[in-house]
Amino acid sequence: GFVGVAVVFGLYALLIWRALRAALRARTDYEFFLASGLAAATTLQLLLIAGGSLGVLPLSGVVTPFLSYGRTAMLANFAVIGMLEAISSRGREEVGASPFRGVTVAVGAIFAVAGAVVLAKAGYVQVARSAAVMGEGTLVLQADGARRYQYNPRFQEVMKEIPKGTIYDRNGLPLATSNWDELDKHRADYKALGIDIDRVCTRSDSRYYPFGGLMFDLLGDLRTRLRWGATNTAFVERDEARRLRGYDDRPTLVDVKGPKGQVTRVIRYDYRELVPLLRHRYEPNNPEVREVLDRKRDVRMSIDARLEMQVAQILQKQLTAAGKDKGAAVVMDPATGDLLAAVSLPSPVEANSGDEAAEAGQTAENYLDRARFGLYPPGSTFKVVRSESVV
């Protein structure tokens, strides 16, 4: 990329040098000023758009001569070259002792320095900080008047090719996965728990949750990102996203000033870790590509899915007997402190559960993680149960 930019700048430098040379060889003062003015106009267009694109100068609406698509602009640039060609063809053989020679050389030197500065910034962006610049994105004014970051759309294609990791319970049973074959491999285990994966999971989904709403408080839902930003949640899908994806997108809150002076906070991501996959997308065995793709992305929890279901059944039975509909139960290993089960009722109803009435009747109560974030006043009733009694 940078070599191509340097070559283009070299061609522009040759064009401008020839234009200034034609001005110094002009037979009349009128032709001198015309040629030098056309050379300056072409140079300023190039410097303004190149410097604006690289952040050296404020971005303007001018076009890059012969590079930017345009109708009248393209015709005008061809007319400029035609006039310079006409002046050059009628010029003197040698450059005379023009009174403007010193000024013209000085202006040419200023243009050369400005071009060198822009080219140096291009080298810094495309060579020294290439990956960082590609991954940071660009702050763009949107149609709604807000400024948000936009990223190279090819990153989205790269991210789709990276398989997300699977979340397992302590016994190796998948709790969430993007690989249907991983579910199918444990079909018998799910069946023993009374779960029909063909009914509770849809093959077209991007992520599979065989335990449905029972595990929502523990896992979250990557498909809908429901309650993703809530502070009283501890979703593994969100909190372990870096490991599950296999890369770190470095989310950062940035204060952005809008066109009317209002300040809003937006999230800026940094996808520099994915740049090797973009550059070497046709080289699957490239070492930089393998470094990203071969990372361990699976997560193993201390939760026992079998125990989770049994605790949920016991809790529901006790709540029904007590005439209640809200409750929570937690099971821990006293020797290690591992969390073995955490159940909060009522639990969310999956969108594909088939129970439309239950789905429509859901409230915020269904999404409250009482087991880990519930507030219980002094004097609440707790019951300690030996793990053997619920297994």
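Below, each value reflects all heavy atoms present in this structure, side chains not excepted, and no hydrogens, waters or symmetry copies.
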K.L.:
Does R187 qualify as a cation-pi partner of Y190, given the criterion of NZ or CZ under 6.0 Å from the six-membered ring centre and within 45 degrees of its axis?
P.N.:
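Here R187 fails the 6.0 Å and 45° test against Y190.
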K.L.:
Do any N or O atoms from the side chain of S88 and from the backbone of L84 form a donor-acceptor pair under 3.5 angstrom?
P.N.:
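Between the backbone of L84 and the side chain of S88 there is no qualifying donor-acceptor contact (under 3.5 Å).
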K.L.:
Indicate the atoms forming the closest heavy-atom contact of A342 with A371, along with that distance.
P.N.:
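Where A342 meets A371 most closely, the heavy atoms are CB-CB, 4.1 Å.
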K.L.:
I'd like to know if the side chain of N77 reaches the main chain of A73, judged simply by a donor and an acceptor atom lying under 3.5 Å from each other, with no hydrogens or angles considered.
P.N.:
yes
K.L.:
Run through R297, K296, R290 and flag the one making a salt bridge (charged side-chain N to carboxylate O under 4.0 Å, His left out) with D294.
P.N.:
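That would be R290.
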K.L.:
Can you tell me if CZ on R300 sees more than 12 non-hydrogen neighbours from other groups inside 6.0 Å?
P.N.:
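Yes, CZ of R300 has more than 12 neighbouring heavy atoms, counting only those of other groups under 6.0 Å.
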K.L.:
Take atom CZ of R18 as the centre, draw a 6.0 Å sphere, and report whether it contains more than 12 heavy atoms from other residues, nucleotides or ligands.
P.N.:
no
K.L.:
Is the distance between the ring centroids of F216 and F211 under 6.0 Å?
P.N.:
no
K.L.:
Using every non-hydrogen atom in the two residues, find where L219 and L175 come nearest and quote the distance to one decimal.
P.N.:
CD1-O, 3.5 Å
K.L.:
Are the side chain of D205 and the backbone of Y208 linked by a donor-acceptor contact shorter than 3.5 Å?
P.N.:
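Absent.
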K.L.:
Output side-chain donor-acceptor pairs under 3.5 Å for residues 111-133, partner residues at least two apart or in another chain, one line each.
P.N.:
residue, atom, partner, partner atom, Å
K121, NZ, L54, O, 2.7
R129, NH2, E136, OE2, 3.1
S130, OG, R279, NH2, 2.0

K.L.:
Using every non-hydrogen atom in the two residues, find where P174 and P210 come nearest and quote the distance to one decimal.
P.N.:
O-CG, 3.7 Å
K.L.:
Hey, what do you get for OG1 (T202) to CD1 (I197), rounding to the nearest 0.5 Å?
P.N.:
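T202 atom OG1 to I197 atom CD1 measures 12.0 Å (nearest 0.5 Å).
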K.L.:
Is it the case that the side chain of R238 and the backbone of W228 share a donor-acceptor pair, with hydrogens and angles ignored and the cut-off at 3.5 Å?
P.N.:
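Yes, R238 side chain to W228 backbone: donor-acceptor pair under 3.5 Å.
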K.L.:
Please report the shortest heavy-atom distance between L20 and A39, naming the atom on each side.
P.N.:
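Heavy-atom minimum between the residues: CD2-CB, 3.9 Å.
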K.L.:
Quick one: do V343 and F373 end up in the same hydrophobic cluster if we chain Ile, Leu, Val, Met, Phe, Trp and Tyr together by side-chain heavy atoms under 4.5 Å apart?
P.N.:
no
K.L.:
Between S89 and A86, which heavy-atom pair has the shortest distance, and what is it?
P.N.:
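Here S89 and A86 meet closest at OG-O, 2.8 Å.
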K.L.:
Do side-chain atoms of D304 reach the backbone of R306 as a donor and acceptor pair under 3.5 angstrom?
P.N.:
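Between the backbone of R306 and the side chain of D304 there is a qualifying donor-acceptor contact (under 3.5 Å).
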K.L.:
Is there a path of hydrophobic side-chain contacts, each under 4.5 Å between heavy atoms, that joins Y209 and M301?
P.N.:
yes
K.L.:
Within the 3.5 Å criterion, strictly below it, is a donor on S178 or R207 matched to an acceptor on the partner's side chain?
P.N.:
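Yes, because at least one side-chain N or O of S178 sits under 3.5 Å from a partner of the opposite role on R207.
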K.L.:
Measure the acute angle between the ring planes of F100 and F32, then classify it against the limits of 30° and 60° as parallel, tilted or perpendicular.
P.N.:
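Ring orientation of F100 relative to F32: parallel.
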K.L.:
Salt bridge or not between D255 and R265? Use side-chain N to carboxylate O under 4.0 Å.
P.N.:
yes
K.L.:
For E288 and H280, run side chain to side chain contact (heavy atoms under 4.5 Å, CB included): C-alpha distance rounded to whole Å, both residues' side-chain angles, the deciding distance at 0.1 Å, then the answer.
P.N.:
CA-CA 8 Å; E288 294 183 13; H280 306 286; 4.0 Å; yes
K.L.:
Got a list of side-chain donor-acceptor pairs under 3.5 Å for residues 150-167, not counting sequence neighbours?
P.N.:
residue, atom, partner, partner atom, Å
Y151, OH, Y269, N, 2.8
N152, OD1, R154, N, 2.9
T166, OG1, T177, OG1, 2.8

K.L.:
Return the set of residues passing salt bridge (charged side-chain N to carboxylate O under 4.0 Å, His left out) with R90 (not counting sequence neighbours), or none when no residue passes.
P.N.:
E31
K.L.:
What is the distance from atom CZ of R170 to atom CD1 of I303, rounded to the nearest 0.5 Å?
P.N.:
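One finds 8.5 Å between CZ of R170 and CD1 of I303.
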K.L.:
Salt-bridged, D217 to R372, with N to O below 4.0 Å?
P.N.:
no
K.L.:
Please check: side-chain N/O of R148 versus main-chain N/O of L141, any donor-acceptor pairing under 3.5 Å?
P.N.:
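Side chain of R148 to backbone of L141: no pair is present.
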K.L.:
Could you see if L183 belongs to whatever hydrophobic cluster contains L193? Use Ile, Leu, Val, Met, Phe, Trp, Tyr and a side-chain cutoff under 4.5 Å.
P.N.:
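The answer is yes; both residues are in one hydrophobic cluster.
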K.L.:
For R370, is there any backbone N or O sitting under 3.5 Å from a side-chain donor or acceptor partner on S344?
P.N.:
yes
K.L.:
Does T233 use its side chain to pair, donor to acceptor, with the backbone of F235 at less than 3.5 Å?
P.N.:
no
K.L.:
Please check if V5 and L48 belong to a single hydrophobic cluster, counting links between Ile, Leu, Val, Met, Phe, Trp and Tyr side chain heavy atoms closer than 4.5 Å.
P.N.:
yes
K.L.:
Would you confirm whether E273, through its side chain, and D248, through its main-chain N or O, come within 3.5 Å as a donor-acceptor pair?
P.N.:
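A pair under 3.5 Å: yes.
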K.L.:
Using atom types as modelled and distance alone, determine if a side-chain donor or acceptor of R281 lies under 3.5 Å from a backbone N or O of L278.
P.N.:
yes
